[in-house]
Amino acid sequence: MSGWFQQQIVHTGRLPLFCFFVALVLGFGFIRLSVRLIRARVRWWPGNMVAGDVHVHHMVFGVVFMGIGGVAGLAAPWYSLGWRSAAAALFGLGTALVLDEFALILH
């Protein structure tokens, strides 16, 4: 499996895309789980983010992560696969947070 991953993902330059996809899927799954635990009022789960009387939606963090990840991806040197992959993963996580609250954006 490691040889396949090196051959098909890393050597073809698709590692940033792979990192984006994994962060998107895992981030979306985690935030859905988090929302369900908050709504179920699970005692040990941290709960909602509140700034004063204002509820801070996770979409806000998603937009910030997408901005940072996008700029970092553009600024990272082309030969630096690690930096570009990290930027893509941050962008994927931000995308997951924004897509989870897409109905709120649309409404």
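Under the 4.5 Å side-chain criterion, counting only non-hydrogen atoms from C-beta, W4 is in contact with I9. Residues L15 and F5 meet the side-chain proximity criterion, which asks for heavy atoms closer than 4.5 Å. Counting only heavy atoms from C-beta outward, the side chains of W44 and L37 approach each other to under 4.5 Å. Looking only at side-chain heavy atoms (C-beta outward), M49 and V60 stay at 4.5 Å or farther from each other.
Of all non-hydrogen atoms in A23 and A89, the two that sit nearest each other are CB-O, 3.2 Å. For the pair W45 and S34, the tightest heavy-atom approach, listed with the atom from each and the gap, is NE1-OG, 3.1 Å. The minimum heavy-atom distance linking S85 with P16 is given by the pair OG-N, 3.6 Å. Here the shortest heavy-atom pairing between W83 and A76 reads CB-CB, 3.9 Å. The two residues H58 and L97 come nearest to each other via the heavy atoms CD2-O, 3.4 Å.
In terms of hydrophobic clustering, with Ile, Leu, Val, Met, Phe, Trp and Tyr side chains grouped at heavy-atom distances under 4.5 Å, I31 and V25 are assigned to different clusters. V63 is connected to L99 through a chain of hydrophobic side-chain contacts under 4.5 Å among Ile, Leu, Val, Met, Phe, Trp and Tyr, so both are in one cluster. In the hydrophobic cluster analysis, where Ile, Leu, Val, Met, Phe, Trp and Tyr join through side-chain heavy atoms closer than 4.5 angstrom, L81 is grouped together with F18. Residues F20 and M66 fall within the same hydrophobic cluster, defined by Ile, Leu, Val, Met, Phe, Trp and Tyr side chains chained together at heavy-atom separations under 4.5 Å. Taking hydrophobic clusters as Ile, Leu, Val, Met, Phe, Trp and Tyr residues chained together by side-chain heavy-atom distances below 4.5 Å, I38 shares a cluster with L33.
Atom CZ of R36 has 12 or fewer neighbouring heavy atoms from other residues, nucleotides or ligands inside a 6.0 Å radius.
The aromatic rings of F61 and F65 lie tilted to each other, with the angle between the two planes from 30° to 60°.
A donor-acceptor pair under 3.5 Å links the side-chain atoms of T12 to the main chain of Q8, judged by distance alone.
Residue D100 holds its CG atom at 11.5 Å from CZ of F30, rounded to the nearest 0.5 Å.
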